[in-house]
There are 2 protein chains.
Amino acid sequence: MAVTAPEANEETMAMRVVAALRDEIVTMALKPGDVISESDIAGRYGVSRQPVREAFIRLAQQGLLLIRPKRATVVKKISPDGVRQSRFIRESIEVEIIRRVAGQPGPDAAGVLDGLIADQEAASAANDSRRFHILDELFHRTLARLAGVEYAWQLIDDHKMQLDRVRYLTLGVSSSQRAIAEHKEIAAAVGRADPASAEAAMRAHLARAEVLLNQTISDFPDYFE
Amino acid sequence: MAVTAPEANEETMAMRVVAALRDEIVTMALKPGDVISESDIAGRYGVSRQPVREAFIRLAQQGLLLIRPKRATVVKKISPDGVRQSRFIRESIEVEIIRRVAGQPGPDAAGVLDGLIADQEAASAANDSRRFHILDELFHRTLARLAGVEYAWQLIDDHKMQLDRVRYLTLGVSSSQRAIAEHKEIAAAVGRADPASAEAAMRAHLARAEVLLNQTISDFPDYFE
DNA sequence: TTCCGGTATCTACCATACAAGATTGCGGAA
DNA sequence: TTCCGCAATCTTGTATGGTAGATACCGGAA
C-alpha cells in the first residue's frame, strides 16, 4: 500500500534528504546510471550517513535508486517495459475513474473541470510550462477525487515519477494546445454523462505518452535499460 | 517501481527481519494496534536495533506499520476505505487484463487456465485451504502474465496484503466451490474469446471481497480504523 | 476525591565506529 | 606486452552510545 505514504512532512533529516534527492532525480540533476554513495550525499547535505541510508531505502522502494549491497548505489535507469506497464496501470485506473464520473456525475463536476481547463489555457498563454504541468496533474487528480478514489491517484503519482523523468528531458511545451483540447473533450463527455465517449477520449489522451516515450528512448538511449 | 521490489533475497539481516515481521503481521500473530519497538524486536531476533529500524521503514512504506516519531511504532490498523480503494484498483487492472486476454487469447491460454482450475479442485477436495489460496492467486497472476503485464500483478499483490490480513481472520474455506465455479466462467469466456462476458464474470468474482470485508469489520471492529 | 506538576522512563532519531565484501590499480612474472 | 595476484580503498551492512521529545506515573495540593 501507499508507497509515498506519509513522508510529506519533512520533520526529520531523513525526510528532507528524501525530498531533496527525489527532486534531483526527477529533474535529471542526478541522471540515470549516476553512482552515488551514502558518504557522498551525507557530506553534501551536512548530515551523518544514517539518515542518508534511510533515504536511500525509501527511494529504492520507489524505484528511483538501485542499492547494490557492498558495491554501490546508482540512480536507476528507466525501464521501458516498466514505463509501459505503469502506463497500463494508469490507463486501467483512469478509465475506470472516468466511467464512474461520467456515469454518475456530481452536480458541479463539469463546472470544476471547466474551471481547471480555463486555468490551463491561461498558463499555456503565459508560457508557464511548470504551472501547466501542475494543472495537468490536478485535472486528473480531480477526476479521482470526484470518483471518490483520491487515494488511487497517489498510486498513479508514484508510478508517474518514472515518466516524469522522461518528461523533464523533453521540456518543450509539447503541444499544450492539444492536451487542452483533449481535456475539453473529456470534460464535455462528462457534462453529457456519456461514459463511453469519456472512456474513448481518456484512452486517446493517455496514448500520447507512448509516443513521447519512444521518441525519448531514441534521443537518450543511455538513460534507459 | 515495485514496492515489494527486490527484497525477495534475504541476504542481509534487515531483509530477514522484514520477511519475518511481514509474515507475523499478515498471519495476525501481530495484531493491528499492537505496539512494538526497535529494541523489542531487536532483542527478539537477536540483532541490533539498526537492521530492525530499516525493516520498520520498509514495512511502513508498505502500509503495515505506522511509525510515530519519538513516540512508538504500531501495527497499522486496517483502513476500510483503504481496502475499498485497493479493491477498486485491483478491479480496474484485472478488468483491463481480462479484456486483453479474452480479446487476443494466446493459443494455449484456455488450456493453462483449465489446468489451474483442475489443481484448485484437487486442493479443495483435499481440504488444503492454504494450497487453494496459493492456486487462487496463481490463477490471477497467470492472467496478468498472459496479458504481458505480470509486473502489474506485483502491484496488486502489494495492495492485497491488507485484505490478506482480513482473509486470515476468516480462514474458513469460504465456499471454495463458488470461487472455482467463477474461475471456470472466466476461463470459458476466454476460451470463447468473449471480452464482455469475461469482464462481467471477473467483476462478479471480485465483488465477493466486498461482502467478506463488511462481515469481517463487524466481527473484528478493533482491528479497523 | 480530584487535579496539577515534576520526574522517571520510554520512544525514535542521529552520529560514530567497526566489519566484511567488492572493486580498482599497481607491480611483478611470464 | 600481457596476464595474474595482492593490497589499498572503495562500498554498504551492523553495532552501540547519546540526544530530544513524548508519555506515564507518582506524589502533593486544593
Side-chain angles (χ1 to χ4, degrees), chain A residues 2 4-22 24-25 30-77, chain B residues 2 4-22 24-25 30-77:
Chain A
T4 320
E7 70 195 17
N9 55 20
E10 299 176 7
E11 295 293 329
T12 70
M13 299 302 296
M15 297 296 190
R16 270 198 286 259
V17 175
V18 167
L21 277 180
R22 180 167 44 200
E24 286 195 52
I25 293 174
L30 284 174
K31 304 190 188 312
D34 280 1
V35 176
I36 58 181
S37 79
E38 296 174 359
S39 315
D40 176 24
I41 304 298
R44 186 128 63 91
Y45 286 94
V47 296
S48 151
R49 262 186 55 209
Q50 199 56 40
V52 175
R53 176 174 177 75
E54 298 174 5
F56 277 20
I57 292 174
R58 287 183 158 88
L59 292 170
Q61 277 204 332
Q62 294 180 9
L64 293 180
L65 291 183
L66 176 63
I67 301 175
R68 298 183 301 177
K70 305 291 178 66
R71 238 156 307 184
T73 297
V74 301
V75 179
K76 204 170 181 181
K77 292 199 176 186
Chain B
T4 319
E7 68 195 19
N9 54 18
E10 300 176 6
E11 296 291 331
T12 70
M13 298 303 296
M15 298 296 189
R16 270 198 285 259
V17 175
V18 167
L21 278 180
R22 180 166 45 201
E24 285 195 54
I25 292 173
L30 284 173
K31 305 189 189 311
D34 279 1
V35 176
I36 58 181
S37 79
E38 296 175 357
S39 315
D40 176 24
I41 304 297
R44 185 130 62 91
Y45 286 96
V47 297
S48 151
R49 296 197 329 267
Q50 195 57 37
V52 175
R53 173 174 176 73
E54 298 177 2
F56 278 18
I57 292 174
R58 287 183 160 88
L59 293 171
Q61 274 205 333
Q62 295 180 10
L64 294 179
L65 292 183
L66 176 63
I67 301 176
R68 297 183 301 177
K70 305 292 178 65
R71 239 156 305 184
T73 297
V74 301
V75 180
K76 204 170 183 180
K77 292 199 175 185

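Labels below follow one simple rule: chain letters A, B, ... track the order of the sequence lines, proteins then strands, and each chain is numbered from 1. In this text, all values refer to a predicted model and were calculated from it rather than measured experimentally.
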Problem set entry | Salt-bridge contact Lys70(A)-Glu11(B) (side-chain N to carboxylate O under 4.0 Å) | no
In whole angstrom, give the distance that lies between atom [atom1] of [X] and atom [atom2] of [N].
{"X": "Leu65(A)", "N": "dT11(D)", "atom1": "CG", "atom2": "P", "answer": "15 Å"}
{"X": "Glu38(A)", "N": "dT16(C)", "atom1": "CD", "atom2": "P", "answer": "15 Å"}
{"X": "Lys70(A)", "N": "dT12(D)", "atom1": "NZ", "atom2": "P", "answer": "11 Å"}

Candidate nucleotides [options], ranked by approach to the side chain of [X] - the nearest:
{"X": "Pro51(A)", "options": "dA15(D), dA20(D), dC14(C)", "value": "dC14(C)"}
{"X": "Met13(A)", "options": "dC14(C), dA15(D), dC13(C)", "value": "dC14(C)"}
{"X": "Ala72(A)", "options": "dA22(C), dT11(D), dT14(D)", "value": "dT11(D)"}
{"X": "Ser39(A)", "options": "dT12(D), dA12(C), dA15(D)", "value": "dT12(D)"}
{"X": "Thr12(A)", "options": "dA12(C), dC14(C), dT14(D)", "value": "dC14(C)"}
{"X": "Arg71(A)", "options": "dT11(C), dA22(C), dT12(D)", "value": "dA22(C)"}

Report yes if a side-chain nitrogen or oxygen of [X] is closer than 4.0 Å to either non-bridging phosphate oxygen (OP1 or OP2) of [N]; otherwise report no.
{"X": "Thr73(A)", "N": "dT11(D)", "value": "no"}
{"X": "Ser48(B)", "N": "dA15(D)", "value": "yes"}
{"X": "Arg53(B)", "N": "dC13(C)", "value": "yes"}

Contacts of Arg68(B) meeting side-chain contact (heavy atoms from CB on, under 4.5 Å) (sequence neighbours excluded), chain-then-number -> Leu66(B), Arg71(B), Ala72(B), Val74(B)
To the nearest 0.5 Å, atom OG1 of Thr73(A) lies from atom CG of Leu65(A) at 7.0 Å
One should read off an interatomic distance between Lys76(B) NZ and Ile67(B) CD1, to the nearest 0.5 angstrom, of 11.0 Å
inquiry  = Considering every strand and a 4.0 Å limit on heavy-atom distances, what is the contact class for Ile57(A): base, sugar-phosphate, or nothing?
reply    = nothing
* Can a donor-acceptor pair under 3.5 Å be found between the side-chain atoms of Arg49(A) and the base atoms of dG13(D)? -> yes
Check your understanding: Got Ile25(A) and Asp34(A) here, is their nearest side-chain heavy-atom distance under 4.5 Å?
Key -> no
